[in-house]
Amino acid sequence: LLAAIKDVLYDSTEYAKRIKGKTKKESLNFIIKSFSLYALMLLVLKSRSIYSRSVDQGTNVFGVWASAFIMYVVAAVIILFIGAGLLHFFTKIMKSKEKFSNTFSIYALGALPFALFGWIPYFKVIALIYAMYVQITALEYSHYMKKSVAIAAYVFHFVTLLVVLGIIG
């Protein structure tokens, strides 16, 4: 995880090129670790409100905190699969012949900037844009697409993901 953090911060293009070849299991383990860090930092920021609400309601503070942590990580993994599936669908429309495992790795490992910095107030948008850049660059190299085609597939996926998440809740 530390080597990936260094790579994505110093040379994101090289990091994007090395995403290809990762298995789904490696990518899932990596994203669970990185989003666990994200959830931990987010909960630390919100710990005061969690504690006061738990005390007011007479519930176990640790239980509330642990269930919120698990909820954040599970939600991240579910959104990861939905997003990777949508991105893979649109790369197939754009004539890519790569497998879902490759797209899943791109989506999971490309989310690292957001997992690292998405918990910081006002920095979330910058982290999201940088994660998109890493994912588009990885898509370009791993799926052998032109930059414009990779951007188009990513934009279609992103808009569809926003619509799906808006419908769900």
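Start at 1 with the first residue, then count along the sequence.
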Please round to the nearest 0.5 Å and tell me the distance separating atom CZ of Phe158 and atom CD1 of Ile136.
-> 10.0 Å
Going only through I, L, V, M, F, W and Y residues with side-chain contacts under 4.5 Å, is there a path from Val159 to Ile82?
-> yes
Closest non-hydrogen atoms of Ala111 and Ala131, given as atom of the first, atom of the second and distance, are CA-CB, 4.4 Å
Could you tell me which non-hydrogen atom of Ala127 sits nearest to which non-hydrogen atom of Gly118, and how far apart they are?
-> CB-N, 4.1 Å
Minimum side-chain heavy-atom gap Leu86-Phe156 below 4.5 Å | no
Nearest-0.5 Å distance that lies between atom CG in Leu139 and atom CD1 in Ile106 | 5.0 Å
Roughly how far, to the nearest 0.5 Å, is NZ of Lys25 from OG of Ser101?
-> 14.5 Å
Point-to-point distance, once rounded to the nearest 0.5 Å, from CD of Glu140 to CD of Gln135 = 14.0 Å
Closest non-hydrogen atom pair between Met145 and Met94, with its separation = CE-CB, 3.7 Å
At their closest point, which heavy atom of Leu80 faces which heavy atom of Ala108, and how far apart are they?
-> CD1-CA, 3.5 Å
Examine Val155 and Phe114 and state if one hydrophobic cluster contains both, with Ile, Leu, Val, Met, Phe, Trp and Tyr joined whenever side-chain heavy atoms are less than 4.5 Å apart.
-> yes
Shared hydrophobic cluster for Ile120 and Tyr130 (ILVMFWY, side-chain gaps under 4.5 Å) = yes
Around Phe100, counting heavy atoms of other residues, nucleotides and ligands shown, do more than 12 lie under 6.0 Å from its CZ?
-> yes
With a cut-off of 6.0 Å (strictly less than), are more than 12 heavy atoms of other residues, nucleotides or ligands near NZ of Lys99?
-> no
State, yes or no, whether a side-chain contact exists between Phe90 and Thr160 at a heavy-atom distance under 4.5 Å.
-> yes
Say you draw a straight line from CG of Asn102 to NZ of Lys97; how long is it, rounded to the nearest 0.5 Å?
-> 14.5 Å
In terms of hydrophobic clusters joined by side-chain contacts under 4.5 Å, are Tyr133 and Val125 together?
-> no
What about the rings of Tyr107 and Phe81, do their centers lie closer together than 6.0 Å?
-> no
From Ile151 atom CD1 to Met132 atom CE, the distance as rounded to the nearest 0.5 Å | 12.0 Å
Is it possible for you to say whether Val77 and Val74 belong to one hydrophobic cluster, with membership spreading through side-chain heavy-atom contacts below 4.5 Å?
-> yes
Give the intermediate values and the outcome of side chain to side chain contact (heavy atoms under 4.5 Å, CB included) for residues Glu98 and Tyr144.
-> CA-CA 9 Å; Glu98 293 297 321; Tyr144 308 106; 3.5 Å; yes
Between His157 and Thr91: side-chain donor-acceptor atoms closer than 3.5 Å = no
Can His143 and Val149 be said to form a side chain to side chain contact (heavy atoms under 4.5 Å, CB included), step by step?
-> CA-CA 10 Å; His143 284 262; Val149 174; over 6 Å; no
